[in-house]
S.K.: 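Next up is a structure, given as structure tokens.
Because only heavy atoms are used, hydrogens play no part in the values below, and waters and symmetry mates are left out as well, while side chains stay in. Keep in mind that what you see is a predicted model, and the values were worked out from it rather than measured. For this chain, numbers begin at 1 and follow the sequence in order.
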Amino acid sequence: MDKKQKLLRNNAFQTVLASLICIVIGLIVGFVVLLIISPSGAGKAIIAIMKNFFYYPNAAATTKYFGTTLIKASALLMCALSVIFAYKVGLFNIGAAGQYVIGAGGCLYMALRFNLPWYICLIAGVLIAAAVGGISGALKAYLNVNEVISCIMLNWISLYSVNMLLSQVKDGSTPYTKLLFSYNKSAMLPTAGLNELFHNKYMTIGVPMAMIAAIIVWVVLQKTKFGFELKATGINKLAAKYCGMHEKRNIIVTMMISGGLAGFGAGIFYLSGIEQWMVQQTSVPGMGFNGIAAAFLGGLDPIGTIFASYFIQHITSGGTYVDTTTYCTQISDLISAFIIYLCAFVFFFKIWFNRYLDKKEEKSVKVKKGGRK
């Protein structure tokens, strides 16, 4: 088999190719929708979505909003890693949204109520989110409660619990929590000079920390005995039990790690000071649900998800630059939805592509045999 054939047969290459095809088709479908709404401005709208921060002609402004996109993409990446970690072990963590919420509540409460430094606040957010994830894991392990059902219930419990908790540290004149910048600067994540590099005061070490976390998750799942045991439990927990593995413990640990990852994402986002929590909100933030989209677009690979998370956040942020008198900003969410819907066919694309390569190889073999005769 030559190098070209090996490349085409490579699973990673096929995943990337399939994801790119999904992105292109999703953008085309989105453009068609824009044409249906208003043909005259469809071209400018799709370009605005794709350009995002390049909308600004000023280099400093472009760099600043690029940094903002990176900050949001980092939180999205952590939610995607949360979904991936559970999925690799045979669990579907739709509760990443609730774990993200409870992680935000934990770190902000510690920062604004007790004036604790950032590392304590971040650890608190991770631990409380891990505990919530562990509840779903325990229900699955000991009572066989489907994790999707328990996670959905916990999403709403988390949201309203955090609203009540953070109402104690609410700013008196607004429905939002107090500003970290003015109330507790020690709770802000260190910038390490990134704020000056990106001309963005919210740019912190949270961005590189999220990328490092993705690499760690990949190493744990692919290169360690612990990761092998978790995946074995996900494939067949009865077989894992027969082999001496603690299948119930593995399920709980998996959901705890998964929850902790989502809580870490909330911590690096809110401890950057880029947003405050609104204690009157009645819907779960979309970051956790968008993490599912990023995970599948990245082929359920931690490294691939780094790029997928950025792309999802890039077009989501780009949606704010469309002409709102003609189109709604949610058009970018519609495009993302189409892309993710198409990603469900990645597996079938791989099957079709491999069959196509098999037929091509058979034909080449027949031609060679015919030439010899």
S.K.: Checking the side chain of Lys170 only, and the main-chain atoms of Thr174 only, is there a donor and an acceptor separated by less than 3.5 Å?
M.R.: yes
S.K.: Which atoms form the tightest heavy-atom contact between Phe264 and Met78, and what is the distance?
M.R.: CD2-CE, 3.6 Å
S.K.: With a 3.5 Å distance limit and no angle check, can you tell me whether Lys88 reaches the backbone of Leu300 through a side-chain donor-acceptor pair?
M.R.: yes
S.K.: Is there any side-chain hydrogen bond (donor to acceptor under 3.5 Å, both in side chains) pair reaching into residues 262-275, and which pairs are they, with sequence neighbours excluded?
M.R.: none
S.K.: Distance check, rounded to the nearest 0.5 Å: Leu297 atom CG versus Cys22 atom SG?
M.R.: 7.5 Å
S.K.: Among Ile149, Ile292, Val83, which residue satisfies the side-chain contact (heavy atoms from CB on, under 4.5 Å) criterion with Ile94?
M.R.: Ile292
S.K.: How long is the gap from OH on Tyr176 to CD on Gln276, to the nearest 0.5 Å?
M.R.: 7.5 Å
S.K.: Find the distance between OG (Ser136) and CD1 (Ile252) and round it off to the nearest 0.5 Å.
M.R.: 11.0 Å
S.K.: Is any side-chain heavy atom of Met255 closer than 4.5 Å to one of Cys151?
M.R.: yes
S.K.: Flag yes if more than 12 heavy atoms outside Phe181 fall under 6.0 Å of its CZ atom; otherwise flag no.
M.R.: yes
S.K.: Any non-hydrogen side-chain atom of Leu197 less than 4.5 Å from a side-chain atom of Met203?
M.R.: no
S.K.: Have Ser309 and Gln313 got a donor and an acceptor in their side chains that come within less than 3.5 Å?
M.R.: no
S.K.: Can you check whether Ile205 reaches Trp118 side chain to side chain, under 4.5 Å on heavy atoms?
M.R.: yes
S.K.: For atom CZ of Phe13, decide whether the heavy atoms of other residues, nucleotides or ligands shown that lie under 6.0 angstrom number more than 12.
M.R.: yes
S.K.: Side chains of Asn250 and Glu229: closer than 4.5 Å at any heavy-atom pair?
M.R.: yes
S.K.: For Tyr87, look at atom OH and say whether over 12 heavy atoms of other residues, nucleotides or ligands are found less than 6.0 Å away.
M.R.: no
S.K.: Are any of the side-chain heavy atoms of Leu180 and Leu112 separated by less than 4.5 Å?
M.R.: yes
S.K.: Can you tell me how far apart CG (Leu127) and CE (Met256) are? Round to the nearest 0.5 Å.
M.R.: 8.0 Å
S.K.: Mind checking whether Tyr310 and Phe66 have parallel, tilted or perpendicular rings, split at 30° and 60°?
M.R.: perpendicular
S.K.: Is it the case that the side chain of Asn195 and the backbone of Lys201 share a donor-acceptor pair, with hydrogens and angles ignored and the cut-off at 3.5 Å?
M.R.: no
S.K.: Please determine whether the number of non-hydrogen atoms from other residues, nucleotides or ligands lying under 6.0 Å from atom CZ of Phe114 exceeds 12.
M.R.: yes
S.K.: Is it the case that more than 12 heavy atoms not belonging to Gln168 sit under 6.0 Å from its CD atom?
M.R.: yes
S.K.: Side-chain contact test, heavy atoms from C-beta onward, threshold under 4.5 Å: evaluate it for Thr68 versus Ile274 and give yes or no.
M.R.: yes
S.K.: Measure the shortest side-chain to side-chain distance between Thr63 and Asn200 over non-hydrogen atoms and say whether it is less than 4.5 angstrom.
M.R.: no
S.K.: List the atom of Ala48, the atom of Tyr321, and the distance in Å for their closest heavy-atom pair.
M.R.: CB-O, 3.8 Å
S.K.: Given Thr282 and Tyr160, is the side-chain contact (heavy atoms from CB on, under 4.5 Å) satisfied, shown in steps?
M.R.: CA-CA 8 Å; Thr282 56; Tyr160 292 115; 4.2 Å; yes
S.K.: When you look at CE of Met209, are more than 12 heavy atoms from neighbouring residues, nucleotides or ligands closer to it than 6.0 Å?
M.R.: yes
S.K.: Regarding Thr191 and Thr204, do their side chains bring together a donor and an acceptor under 3.5 Å, going by distance alone?
M.R.: no
S.K.: Whether the side chain of His314 engages the backbone of Met50 through a donor-acceptor N/O pair (distance < 3.5 Å, no angle test) should be reported.
M.R.: yes
S.K.: Crowded around Tyr65 OH? As in, over 12 foreign heavy atoms under 6.0 Å?
M.R.: no
S.K.: Quick one: does Thr177's side chain have a donor or acceptor within less than 3.5 Å of a partner on Trp277's backbone?
M.R.: yes
S.K.: Sequence neighbours left out, what passes side-chain contact (heavy atoms from CB on, under 4.5 Å) with Asn115? Give chain and number order.
M.R.: Tyr183, Asn184
S.K.: Could you check Leu159 against Gln281 for side-chain contact (heavy atoms from CB on, under 4.5 Å), going step by step and ending with a plain yes or no?
M.R.: CA-CA 8 Å; Leu159 175 65; Gln281 60 183 305; 4.1 Å; yes
S.K.: Check the pair Asn155, Val101 against side-chain contact (heavy atoms from CB on, under 4.5 Å), reporting the backbone distance first and the verdict last.
M.R.: CA-CA 8 Å; Asn155 283 347; Val101 165; over 6 Å; no
S.K.: Any side-chain to backbone donor/acceptor pair from Lys231 onto Leu221? Under 3.5 Å, distance only.
M.R.: yes
S.K.: Is it the case that Gln99 and Asn93 place a side-chain donor and acceptor less than 3.5 Å from each other?
M.R.: yes
S.K.: Counting N and O atoms only, with roles assigned by atom type, does the side chain of Tyr327 sit under 3.5 Å from a partner on the main chain of Ala42, one being a donor and the other an acceptor?
M.R.: yes
S.K.: Would you please indicate yes or no on a ring centroid separation below 6.0 angstrom for Phe289 and Tyr100?
M.R.: no
S.K.: Can you name the nearest heavy-atom pair linking Val322 to Ile49, along with the distance?
M.R.: CG1-CG1, 3.6 Å
